[in-house]
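Just so you know, ligand 1 is whichever comes first in the structure, and atom 1 is the first atom listed for that ligand. Being a predicted model, the structure only gives us computed values, none of them experimental. Residue indices begin at 1 and follow the sequence shown.
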Amino acid sequence: MSHVETEIAGQPDCWRRAADLAGSPGLPARGERVAVVGCGTSWFMGQAYAALREGAGHGETDAFQASEFPLGRAYDRIVAITRSGTTTEVIDLLHRVRTPSVVITTDAAQPAATLATDAVVLDFADEQSVVQTRFATSTLALLRAHLGEDLGPIAGDAEVAVRLPLPVQADIEQITFLGRGWTVGLAAEAALKCREAAMFWAEAYPAMDYRHGPISIAAPRRVVWAFGEVPARLADDVEATGAAFVHARHHGGFAALGRWCGGRTPMDPMADLIVAQRVAVALANARGLDPDHPRNLTRSVVLT
Ligand code: F1P
C-alpha cells in the first residue's frame with residue numbers, strides 16, 4: 001500500500017484534530033482584509049477558504065499563488081499555507097512583506113514558521129507522499145472550523161468517502177472537474193491530484209464557464225465531475241455529449257452508509273474531494289505508477 005493511500009484514509013481523524021486548533025492565535029479576525037497565499041495544492045486550499053470566508057461575511061478575502069501577490073495592495077493579514085515551510089515563492093513573499101502573517105504548516109522549525117508572525121502547526125497531518133492530501137484538507141478543516149463551521153458531520157462524511165465505491169472506472173480517458181464558489185478550488189485540486197499521481201489528463205473550471213468552450217472536450221469514456229452546487233441543466237448538457245456526469249448526490253453506496261438514505265443530502269464537497277483523491281490513486285495503480293512519487297516533482301519546490 002502506498003503512503004498516499006494511508007494518508008487519504010486518515011483524513012477523518014486529521015480533520016477533527018485540525019478543528020480543535022480553530023482557536024489558534026494569528027488566524028484572521030472577523031472584518032480583517034485578508035490575502036491567502038500558497039503554491040499548487042496549498043494555493044487551491046487558499047482559494048476555497050477565501051471564497052468561504054468572504055461568503056460567510058467575515059471580510060474581503062483574496063487568494064494568490066504566492067509569486068503573484070500584489071505587493072501594492074493593503075491587507076490586514078496574510079495567511080500562508082505551506083506543508084513543507086520551505087517553498088521558494090512563499091518564503092520570498094514572507095521576507096518582503098511587513099503585514100501581520102500566519103502560516104499553516106507541518107514543521108515549526110522551517111523558514112515559513114520562523115518568518116511569519118504566527119504559526120499553526122499541523123504536524124499530525126504531515127505526509128510521506130510527495131502528493132499532498134491530508135495536510136491540504138486538514139488546513140481547510142481548520143480554517144472552516146475557525147469560520148464557525150461544525151466539522152463533526154463533515155468528518156462523518158469523510159468516514160464514508162474513504163470507503164465509498166469509486167464512481168468511475170480506471171479505463172476512462174479524461175476527467176474535467178467543476179466547482180462553484182469555494183468548490184472551484186476543490187475542483188482545481190482534484191485535477192492536480194490526477195495529473196500528479198497518475199499523469200492523467202484532468203482539467204478544472206468554474207462550473208458556469210464549462211459550457212463556454214471546455215465542453216468541446218466531453219465525449220464517451222470521459223467524465224465531468226461537479227463539486228457542490230450543480231448549475232441548472234448542466235448534467236443534461238454533459239450527458240448529451242456521451243460523457244459521464246459525476247456528482248456526490250449520485251455516488252453509489254450512500255443509502256447503505258446511513259446519512260444519505262434516499263440520496264437527498266449530498267456529502268460535503270470536501271469529503272467528495274477524498275473520493276477524487278482515491279480515483280487519482282486508482283488511476284495511478286491501474287497504470288503501474290507509484291502515486292507517492294510523481295514524475296518531475298519533489299516534496300517541496302525549492303528554486304535556485
Ligand atoms: C506545495 C507543493 C504542492 C505539490 C507538491 C509539492 O508545497 O508544490 O502543491 O502538490 O506536493 O509541494 P508546500 O508549499 O505546501 O510545501
At a 4.0 Å threshold, what atoms of ligand 1 neighbour a non-hydrogen atom of [X]?
X: C39; answer: 1 (C), 9 (O)
X: G40; answer: 9 (O)
X: T41; answer: 9 (O), 10 (O)
X: R83; answer: 11 (O), 13 (P), 15 (O), 16 (O)
X: T87; answer: 7 (O), 13 (P), 14 (O), 16 (O)

Can you check which of Q132, E89, Q110 brings a heavy atom nearest to atom 2 (C) of ligand 1?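 Comparing heavy atoms across Q132, E89, Q110, the nearest one to atom 2 (C) of ligand 1 lies in Q132.
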Which of the listed options, E196, R299, R195, holds the heavy atom that is closest to atom 10 (O) of ligand 1?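 Checking each option, the heavy atom nearest atom 10 (O) of ligand 1 is found in E196.
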So C14 and T137, do their side chains get closer than 4.5 Å, heavy atoms only?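 No, every pair of side-chain atoms sits at 4.5 Å or beyond.
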Is the closest side-chain heavy-atom distance between V275 and W225 below 4.5 Å?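 Heavy-atom side-chain distance check passes, below 4.5 Å.
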Between [atom1] of [X] and [atom2] of [Y], what distance do you get to the nearest 0.5 Å?
X: I172; Y: W201; atom1: CD1; atom2: CH2; value: 11.5 Å
X: L93; Y: L115; atom1: CG; atom2: CG; value: 10.0 Å
X: K193; Y: T133; atom1: NZ; atom2: OG1; value: 7.0 Å

If a pair satisfies side-chain hydrogen bond (donor to acceptor under 3.5 Å, both in side chains) and one of its residues is in residues 233-242, list it, with sequence neighbours excluded.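 Passing the test, one end in residues 233-242: R211-D237.
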Of all the heavy atoms in T86, does at least one lie under 4.0 Å from an atom in ligand 1?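 No.
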Within-shell test, V130 vs ligand 1, heavy atom, strictly < 4.0 Å: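 So V130 counts as touching ligand 1.
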Say whether S300, considering both its backbone and side-chain N or O atoms, lies within less than 3.5 Å of an N or O atom on ligand 1.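 Checking ligand 1 against S300, no N or O pair falls under 3.5 Å apart.
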Taking distance alone, with no angle check, do T298 and ligand 1 share an N/O pair under 3.5 Å?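 Between T298 and ligand 1, no N or O pair is found under 3.5 Å apart.
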Atom 8 (O) of ligand 1: the protein heavy-atom neighbour that sits closest, reported with distance to 0.1 Å: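 For this ligand atom, the closest protein heavy atom is V301 CG2, 4.0 Å.
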Parallel, tilted or perpendicular: which fits the ring planes of F69 and F64, with parallel below 30° and perpendicular above 60°?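 Taking F64 first and then F69, their aromatic rings stand perpendicular (interplane angle over 60°).
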Give a yes or no on whether V36 and V90 share a hydrophobic cluster (residues Ile, Leu, Val, Met, Phe, Trp, Tyr; joining criterion: side-chain heavy atoms under 4.5 Å apart).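 Different clusters: V36 never reaches V90 through Ile, Leu, Val, Met, Phe, Trp or Tyr contacts under 4.5 Å.
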